[in-house]
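Just below is one structure, and these are the notes that go with it.
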Amino acid sequence: MKKTLFYLLAALTAVACQNDDTDFSAYINGDGTDTGTQTSAISTIYIAYNGTTATVTGDDRGYVTVKGADVTVNTGTDTDSLLLVLSGTATDGSLLVFRERRYGLRLNGVSLHNADGPAINNQCGKTLYLEVAAGTTNTLTDGTAYDETVTYQQKGALFSEGQVCLLGTGALSVTGRCKNAIACDDYMVIDDNVKLLVTATADNGIKVNDGIWINDGTISIGVSADAARGIRCDSVVVITGGDISINTSGDCVYDAEALDYSSAACIKCDYAFTLSGGTLNMKSTGDGGKGINCAQSVTVSGGTLTAVTTGGNDEGKPKAVKGDTGITVSGGSFYAQVEKSWACDNGTESETPADHLTIVGTPATATVEKKLVDVRY
């Protein structure tokens, strides 16, 4: 019952976020329409970075403080709608936001590098509508070490306490050199045809707590840290569209608490993984690496999934697709290949490859072997 309720709440929150995209259009248009409880003018603040400085315009309420190129926005308990527009380049700068209500953040051709923390740190627990403006290229990079004397959390080059709805059609590159590249303590939805490039050399590419829904976009994730994941989610992973490529090259790390080895994976999730559309290409080259490592079920009903692992099994057990409570394929294209161990692993101890996944219907192609599974409808 608890799991059923969890899935229901997760689905509702994702739908709510996607439906709220119309609210983001209100930020763009400046009419201030919110949830129906308030209509007010949008406070639009422009922040232009220039090397080690930043210029702010439109801050009529005194929300913004600037120290060098480190910009802090604190709206207190104010309830007016807010849109922040970032542009320019900072060689050592950042954006830190404290707010109690959802707001819009438009990346309008900005390059931020913060030497001692996140490039963007959103301390608002409500929805962040993050728009990557059409025709622009944007870059976010953190430092190799963070200032740990601060009292607020900082978990990646782009970090958010609240939900993130990533929108727009521009290009965004996020590099994590100390912690995660992108981290969200709530859920994340990726819509529109955003072009997202994620690189992580110390931890995960994208780390989310309450689920990730990918509906569109061109997404490329590269992770080189040991035992790190391209996408690490404590909840569900739902893919309905988009063109996604994930590569990991890290090896295993011994987990003293679990008394076992932890391996790298392109996608690691604690609840169900589902693919119904789009293209997902995954490759893991490190020892014991995995394409999908799911603690519950893996379901593919459409789209194209390719998972290849080339790593050895010296310490860990590589798997192309691992779903502890089942792997079901009923549509689309499903390709899983390993050089060592099993291509598909659903938790059974059977030595018969066909027992390691469930194929629904009659696919045009169905090759099911220990190291290769190729199912196409």
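No hydrogens, no waters, no symmetry mates; every other heavy atom, side chains included, goes into these values. Predicted, not measured: the structure shown is a model, and the values here were computed from it.
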side-chain hydrogen bond (donor to acceptor under 3.5 Å, both in side chains) partners for Thr309, two or more places apart:
none

So which pairs with a foot in residues 219-256 pass ring pair (Phe, Tyr, Trp, His ring centres under 6.0 Å), sequence neighbours left out?
Tyr254-Tyr261

Can you list everything that forms a side-chain contact (heavy atoms from CB on, under 4.5 Å) with Thr144? Sequence neighbours excluded, please.
Arg177

Quick one: do the Thr348 and Asn346 side chains pair a donor with an acceptor below 3.5 Å?
no

Is it true that the side chains of Tyr103 and Asn122 contain a donor and an acceptor less than 3.5 Å apart?
yes

In this structure, CD1 of Ile246 is separated from NZ of Lys283 (nearest 0.5 Å) by 14.5 Å

Residues at least two apart in sequence or cross-chain that pass side-chain hydrogen bond (donor to acceptor under 3.5 Å, both in side chains) with Glu161, listed by chain then number, are Gln153

Is there a side-chain contact between Met282 and Ile292 (heavy atoms, below 4.5 Å)?
yes

Distance col, row Arg232:CZ vs Cys269:SG, nearest 0.5 angstrom, shows 8.0 Å

Does the side chain of Thr328 come within less than 4.5 Å of Val360's, by heavy atoms?
yes

Under a 3.5 Å cutoff, is there a donor and acceptor pairing between the side chains of Thr274 and Thr299?
no

Among Ser263, Cys252, Ser341, side chain to side chain contact (heavy atoms under 4.5 Å, CB included) partner for Pro318:
Ser341

Less than 4.5 Å apart, any side-chain heavy atom of Val321 and any of Lys319?
no

Scan for ring pair (Phe, Tyr, Trp, His ring centres under 6.0 Å) pairs involving residues 151-178, sequence neighbours excluded, and state none if there are none.
Phe98-Tyr152

With a 4.5 Å cut-off on side-chain heavy atoms, are Ile244 and Ile219 touching?
yes

By salt bridge (charged side-chain N to carboxylate O under 4.0 Å, His left out), Glu349 pairs with (sequence neighbours left out) none

Can you run down the ring pair (Phe, Tyr, Trp, His ring centres under 6.0 Å) pairs that involve residues 326-357, sequence neighbours left out, and say none if there aren't any?
Trp342-His356

Partners passing side-chain contact (heavy atoms from CB on, under 4.5 Å) against Val194 (at least two apart in sequence or in another chain):
Val132, Leu166, Ile190

Can you name the closest pair of heavy atoms from Glu148 and Lys179 and give their distance?
OE2-NZ, 3.5 Å

Give every residue pair that meets the salt bridge (Lys or Arg N to Asp or Glu O under 4.0 Å) criterion with at least one member in residues 47-70, sequence neighbours excluded.
Arg61-Asp80

Pairing residues for Thr75 by the side-chain contact (heavy atoms from CB on, under 4.5 Å) criterion, not counting sequence neighbours
Tyr63, Val73, Leu82, Arg99

Taking only residues two or more places apart in sequence, or in another chain, which ones meet Asp185 in a salt bridge (charged side-chain N to carboxylate O under 4.0 Å, His left out)?
Lys155

Point-to-point distance, once rounded to the nearest 0.5 Å, from NZ of Lys195 to OG1 of Thr136
9.5 Å

Side-chain contact test, heavy atoms from C-beta onward, threshold under 4.5 Å: evaluate it for Val110 versus Thr89 and give yes or no.
no

By side-chain contact (heavy atoms from CB on, under 4.5 Å), which residues pair with Asp324, not counting sequence neighbours?
Ala295, Lys322

